[in-house]
Amino acid sequence: MTDTAWIDLALISARPQVMGALLRYFRNLDQAEEAFQEACLRALKTWPKNGPPRDAAAWLIFVGRNSGIDKVRRQARETALPPEELLSDLEDHEGELAERLDGSHYRDDILRLLFVCSNPVLPATQQIALALRIVSGLSVRQIARAFLVSEAAMEQRITRAKARVSAAGIAFETPDAADRAERLAAVAAMIYLVFNEGYSAMNGPEGVSADLCDEAIRLSRLLLRLFPAEPEIMGLTALLLLQHSRARARFDADGSIVLLEDQDRRLWNRQMIAEALAMIEKAMRHRRPGPYQIQAAIAALHARAEQPELTDWEEIDLLYQALERLQPSPVVTLNRAVAVSKREGPEAALALVEQLGDRLSGYFYYHGLRGALLKQLERGREARAAFDRAIALATNAAEAAYIRKELDHLAGETEPTHAEERP
Amino acid sequence: MLYAVLCYNDESVTSAWSKEEDDRVMRDLTAVQRKYVETGKLGPVARLLPTTAATTLRHKVGETIVIDGPFAETKEQLLGFYLIDCASLDEALDFARELSTANPSSGSYEIRPLALFKPGELPS
């Protein structure tokens, strides 16, 4: 570790709490960000000399708030910033400081900060970008890279998101139980968006977007530390860990998707799985099932099966049925169709899939699964048509590569009958 | 004399480590451990899962309650620990409940799954 690496880490981990408190003081995202930057600069100057403060967050909040207030004063042509010597004494008063800074607010501070980024007035892409910038502290460049857009475009997206959020107004009063539950749900959804952005854009085990998955897991754990008794947050954390545990097995050497049942399960991250399973057990004790818990439970059944043949498809089917009742969606039904195909065969699954046609006709996985089922039923020509639709709808190279393999495979199989099929 | 060495750190910092950083720290720690394993002095080594995976059983006279999350009081001190192989969290909680009944004073048992376990070389 370099001389200042420990400072960077301390700044990153203190960021949500400090930004949350500064937002409460200044009631303005830009001002809070500037104050945080200022506090970080001071930290980089004084910490190497004086060593780390006992409570880094309290130190940063104090310094950030003062610098922010001072800025206002300076604009009014008053006093200058306090001298460095004074600041370096801070460590001795941290206990007191933390009290004075009203540490008890920190839970709602962080939740507010997360909620600002999850505001339903923002489209999904802006929520993700804002959260990565404001809460996680990723640079605009890093975020732009993950989204494969230019830095200028990302800068603009974030500026627009901030303008929207302030126009919508940020709620600063302490939330009641109902408000808090609503905020938690919105924040959980935003964290899942961040994860999915990383998950779906990932085109190899070492991709930039793996960072987004890690970041989402970090945010989810942060939320769970603040609200340790929320089973849906346990479910969310478990779900993210389970999906991310397969990162190294999801693509082959050519960068093509490897389906769950074909993955090398030895590549799955056992530690993430262990943590997720522990989390699901905790959640289940509450007997308050929710969509994240159910999805995590499904992922856990896959994680528990050492061989694909040992997968408990019956239980997975039942869990998808529960999810359909709780959160009806054609995508959920499409997923259930996979379980149905394992339990009852491709014909029954295809019947279920066909009902979804009008709602999922623009969805890659709909055509992909339909093609696979038709292929199993040896309806080669229809399978090929479905795969053709799928490849046209692929959103990344890995998806396209997978379908191309299916098509090649199909071409090899159906070659002899090809002539007969022609009119 | 047997000594327990308990490791404390800021979890929000260690969980911000990248995988490479985490791997490197574990590798360096393993090198230290190996030296002591070779002399037959080092017993079990355990790394715990994050506190978010913890459940705490609080025992007061006549009642026990189960709380999500780690033990968070500062008035009590760590006095000992057990390692037990359980099929489920409920089984681990039952064990803790039995302990709390056998122990007349009030106290807490934090139940935290392990991320890593090495049995070590100590004679029993």
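The chains referred to below are lettered A, B, ... by the order of the sequence lines, with proteins before strands, and numbering in each begins at 1.
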message: Please determine whether the number of non-hydrogen atoms from other residues, nucleotides or ligands lying under 6.0 Å from atom NZ of Lys35(B) exceeds 12.
response: no
Glu306(A) atom CD, neighbour heavy-atom count above 12 within 6.0 Å: no
field: More than 12 heavy atoms from other groups under 6.0 Å of OH on Tyr36(B)
entry: no
- prompt: Considering only heavy atoms, which portion of Arg218(A) lies under 4.5 Å from any heavy atom of chain B: side chain, backbone, both, or neither?
  reply: side chain
task: Quick one: closest heavy-atom pair of Ser13(A) and Ser12(B), and the distance?
output: CB-O, 3.2 Å
- prompt: So which of Asp90(B), Val13(B), Leu116(B), Thr55(B) has the biggest tally of heavy-atom pairs under 4.5 Å with chain A?
  reply: Val13(B)
task: For Lys282(A) and Asp68(B), indicate whether the former's side chain and the latter's backbone hold a donor-acceptor pair under 3.5 Å.
output: no
task: Report the option among Ile67(B), Leu114(B), Val66(B) that has the most heavy-atom pairs separated by less than 4.5 Å from atoms of chain A.
output: Val66(B)
- request: Take atom CG of Asp85(B) as the centre, draw a 6.0 Å sphere, and report whether it contains more than 12 heavy atoms from other residues, nucleotides or ligands.
  value: no
message: If we define contacts as heavy-atom pairs under 4.5 Å, which of Ser15(B), Pro70(B), Gly69(B), Ala54(B) has the most with chain A?
response: Ala54(B)
query: Side chain, backbone, both or neither: which part of Met234(A) has a non-hydrogen atom closer than 4.5 Å to chain B?
result: side chain
- prompt: Looking at Glu215(A), Glu275(A), Gln271(A), which has the largest count of heavy-atom pairs under 4.5 Å with chain B?
  reply: Glu275(A)
task: Answer yes or no: does atom CZ of Arg270(A) have more than 12 heavy-atom neighbours from other residues, nucleotides or ligands under 6.0 Å?
output: yes
- request: Just give me the residue among Ala274(A), Ala10(A), Ala229(A) that pairs up with chain B most often, heavy atom to heavy atom, under 4.5 Å.
  value: Ala229(A)
message: Rounded to the nearest 0.5 Å, what separates atom OG1 in Thr51(B) from atom CZ in Arg221(A)?
response: 9.5 Å
- prompt: Going by an N to O cut-off under 4.0 Å, is there a salt bridge joining Arg225(A) and Glu11(B)?
  reply: yes
query: In Å, rounded to the nearest 0.5 Å, how long is the span from CG of Leu277(A) to CG of Leu49(B)?
result: 10.0 Å
message: To the closest 0.5 Å, what do you measure between NZ (Lys19(B)) and CG (Asp214(A))?
response: 10.0 Å
Contacting moiety of Leu93(B), where chain A heavy atoms sit under 4.5 Å: side chain
message: Less than 4.5 Å to any heavy atom of chain B: does that hold for the side chain of Arg285(A), its backbone, both, or neither?
response: side chain
task: Select one option (side chain, backbone, both, neither) describing which atoms of Ser18(B) are under 4.5 Å from chain A's heavy atoms.
output: neither
statement: Shortest non-hydrogen pair, Thr52(B) vs Leu224(A), comes out as CB-CD2, 3.7 Å
